[in-house]
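Single-structure report; data block below.
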Amino acid sequence: MPSESVEEGREAASASHIVRHESSVTKEERARRAGHGGGIAWFTGLPGSGKSTLAGAVERSLFDRGVQVFLLDGDNVRHGLNGDLGFSREDRRENVRRIGETAKLMADAGLIVLVACVSPYREEREKARALVAEGAFVEVYVNCAVAECERRDPKGHYRKAREGVIPDFTGISAPYEPPPAPELAVDTEAESAADATARIVGYLAACGWIAR
Ligand SMILES: Nc1ncnc2c1ncn2[C@@H]1O[C@H](COP(=O)(O)OS(=O)(=O)O)[C@@H](OP(=O)(O)O)[C@H]1O
Ligand SMILES: Nc1ncnc2c1ncn2[C@@H]1O[C@H](COP(=O)(O)OP(=O)(O)O)[C@@H](O)[C@H]1O
């Protein structure tokens, strides 16, 4: 659980004594060297909906095109940076806040960052969006009915949630708030992973994030 001092620290930093340092390397210089600017594509959806599968395939596709890309997967981040956090409302808030701030730093460094995390609350997703310039954040809603996610159950977590072994499990005993206006939505019961991947990459190209 993050302590109150973390919140106080953030307030203190934005309140006074900490002054921003401007980099001597501009965003434009970084973009010129990489051949593209930075940005965040944020995959949100229920456990088992297909976030990691799609974000992983998009990462592969962009990397093979020479794009500087990195996938921040919620599961992986919870092994390190967010290893102190669980799944309470407050911990999920802090989890998504840290992932958003990390993605923003990486996007500032010129990378296209793919984030795959449940991020079940609109409020936190909107805060992450607000960290970067307009047009530099693409929300991808990975939509799949709970029944199908539960049928897939790639990690056996739904079974454990039904047995009461995992409490507050998103979709079963904790809420998921679908995005009202995502830039992209994929229905993974209706569209194959390959087709969805091609559509996401095509959208990023159409937005000018990467070369066509
Ligand atoms: N209680 C509970 N609720 C939801 N998910 C749970 C829970 N406990 C463990 N897991 C597994 O952890 C993965 C979700 O972590 P995230 O960091 O993406 O979650 S969140 O954004 O903070 O809500 C998620 O992985 P994915 O299946 O890849 O989404 C779950 O399998
Ligand atoms: N159209 C699809 N898109 C993505 N995943 C799919 C699709 N159809 C079936 N799946 C399967 O659903 C599972 C989704 O697991 P995963 O990608 O780990 O989901 P999440 O990261 O959302 O928890 C995988 O086993 C994947 O092969």
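One is the number of the first residue; the rest follow in order along the sequence. Just follow the structure's listing: the first ligand is 1, and inside any ligand the first atom is 1.
- Remark: ligand 1 atoms within the under-4.0 Å shell around heavy atoms of Gly48 are 27 (O).
- Relative orientation of the Tyr141 and Tyr176 rings is parallel, given thresholds of 30° and 60° on the angle between their planes.
- Considering only heavy atoms from C-beta on, Cys117 comes within 4.5 Å of Val115 through its side chain.
- Taking 4.5 Å as the limit, every side-chain heavy atom of Phe87 sits out of range of all side-chain heavy atoms of Pro167.
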**Request:** Verify salt bridge (Lys or Arg N to Asp or Glu O under 4.0 Å) between Arg151 and Glu189, making sure each step is shown before the conclusion.
**Result:** CA-CA 12 Å; Arg151 192 196 63 75; Glu189 289 179 86; over 6 Å; no
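- Contact annotation: Ala174 has no heavy atom less than 4.0 Å from any atom of ligand 1.
- Heavy-atom neighbours of Arg122 CZ from other residues, nucleotides or ligands within 6.0 Å: above the threshold of 12.
- Residue, atom and distance of the protein heavy atom nearest to atom 1 (N) of ligand 2 are Glu191 O, 2.8 Å.
- By the 4.0 Å N-to-carboxylate-O rule, Asp73 lies too far from Arg78 to be salt-bridged with it.
- Looking at atom 27 (O) of ligand 1, its nearest protein heavy atom turns out to be Lys155 NZ, 3.1 Å.
- Taking distance alone, with nitrogen or oxygen atoms compared against 3.5 Å, Pro47 stays at or beyond that limit from ligand 2.
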**Request:** Report the C-alpha separation of Arg60 and Asp64 in whole Å, then their side-chain angles, then the decisive distance to 0.1 Å, and conclude whether the salt bridge (Lys or Arg N to Asp or Glu O under 4.0 Å) test is met.
**Result:** CA-CA 6 Å; Arg60 183 76 250 168; Asp64 289 348; 2.8 Å; yes
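- Ala196 does not count as a contact of ligand 2, since none of its heavy atoms falls under 4.0 Å from the ligand.
- Residue Glu189 does not touch ligand 2, judged by heavy-atom distances below 4.0 Å.
- The protein heavy-atom contact nearest to atom 16 (P) of ligand 1 is Arg78 NE, 3.6 Å.
- Of all protein heavy atoms, the one closest to atom 13 (C) of ligand 2 is Arg152 CD, 4.0 Å.
- Ranking protein heavy atoms by distance to atom 19 (O) of ligand 2, first place goes to Gly50 N, 3.2 Å.
- Residues Trp42 and Leu72 have side chains not in contact (no heavy-atom distance under 4.5 Å, counting atoms from C-beta outward).
- With contacts defined as side-chain heavy-atom distances shorter than 4.5 Å, the pair Arg93/Arg97 does not qualify.
- Of all protein heavy atoms, the one closest to atom 23 (O) of ligand 2 is Gly48 N, 2.7 Å.
- When the options Asp91, Asp168, Asn95, Val77 are ranked by their closest heavy atom to atom 20 (S) of ligand 1, first place goes to Asn95.
- Here the heavy atom of the protein found nearest to atom 13 (C) of ligand 1 is Asp75 OD1, 3.2 Å.
- Listed by number with element, the atoms of ligand 1 under 4.0 angstrom from any heavy atom of Pro120 are 21 (O), 23 (O).
- Heavy-atom separations between Ala116 and ligand 2 are all 4.0 Å or longer.
- The proximity of Asn82 to ligand 1, defined as any non-hydrogen pair under 4.0 Å, does not occur for either the backbone or the side chain.
- Atoms of ligand 1 found under 4.0 Å from any heavy atom of Thr170 (numbered from 1 in listed order, with element): 3 (N), 4 (C).
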Salt bridge (Lys or Arg N to Asp or Glu O under 4.0 Å) for Lys127 and Glu123? Distances and angles first, verdict last. CA-CA 6 Å; Lys127 282 184 178 165; Glu123 188 186 345; 3.6 Å; yes
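- In this structure, atom 21 (O) of ligand 1 lies nearest to the protein heavy atom Ser119 N, 2.8 Å.
- With atom 18 (O) of ligand 2 as the reference point, the heavy atom nearest to it among Ser52, Ala57, Ala194 is part of Ser52.
- By heavy-atom distance, the residue among Arg92, Arg125, Lys160 lying nearest atom 23 (O) of ligand 1 is Arg92.
- Between the choices Tyr176, Phe87, Phe43, the shortest heavy-atom distance to atom 10 (N) of ligand 1 belongs to Phe87.
- Counting only heavy atoms from C-beta outward, the side chains of Asn95 and Ile99 approach each other to under 4.5 Å.
- Of all the heavy atoms of Pro167, the ones lying under 4.0 Å from any atom of ligand 1 belong exclusively to the backbone.
- Among the candidates Arg98, Arg129, Arg89, the single residue satisfying the salt bridge (charged side-chain N to carboxylate O under 4.0 Å, His left out) test with Glu124 is Arg89.
- Heavy-atom contacts of Ser192 reach the following atoms of ligand 2: 1 (N) (cutoff under 4.0 Å).
- Contacts between Asp73 and ligand 1 below 4.0 angstrom, taking non-hydrogen atoms only, are absent altogether.
- For ligand 1, the atoms lying closer than 4.0 Å to a non-hydrogen atom of Ile166 are 1 (N), 8 (N).
- By the criterion of side-chain heavy atoms lying less than 4.5 angstrom apart, applied directly or through intervening Ile, Leu, Val, Met, Phe, Trp or Tyr residues, Ile210 is grouped together with Val138 in one hydrophobic cluster.
- For atom 31 (O) of ligand 1, the closest non-hydrogen atom of the protein is His157 ND1, 2.7 Å.
- Salt bridge annotation for Asp108-Lys104: present, with a cationic side-chain nitrogen under 4.0 angstrom from a carboxylate oxygen.
- Between Val118 and Lys51, some side-chain heavy-atom pair lies under the 4.5 Å cut-off.
- The closest heavy-atom contact to atom 24 (C) of ligand 2, among the options Asp187, Thr53, Val186, comes from Thr53.
- Rounding to the nearest 0.5 Å gives a distance of 10.5 Å between CZ of Arg30 and CG of Leu111.
- Counting only heavy atoms from C-beta outward, the side chains of Val140 and Leu54 never approach each other to under 4.5 Å.
- Other residues, nucleotides and ligands contribute more than 12 heavy atoms inside 6.0 Å of the CD atom of Glu163.
- Below 3.5 Å of separation, one finds an N or O of Ser49 facing an N or O of ligand 2.
- For ligand 1, the atoms lying closer than 4.0 Å to a non-hydrogen atom of Pro47 are 27 (O), 29 (O).
- The distance from ligand 1 to the heavy atoms of Lys51 drops below 4.0 Å at these ligand atoms: 29 (O).
- Considering backbone and side-chain N/O of Val118, one or more are found under 3.5 Å from N/O of ligand 1.
- At least one heavy atom of Leu46 sits under 4.0 Å from some atom of ligand 2.
- Taking 4.5 Å as the limit, every side-chain heavy atom of Arg159 sits out of range of all side-chain heavy atoms of Glu150.
- Considering only non-hydrogen protein atoms, atom 15 (O) of ligand 2 sits nearest to Pro154 CG, 3.7 Å.
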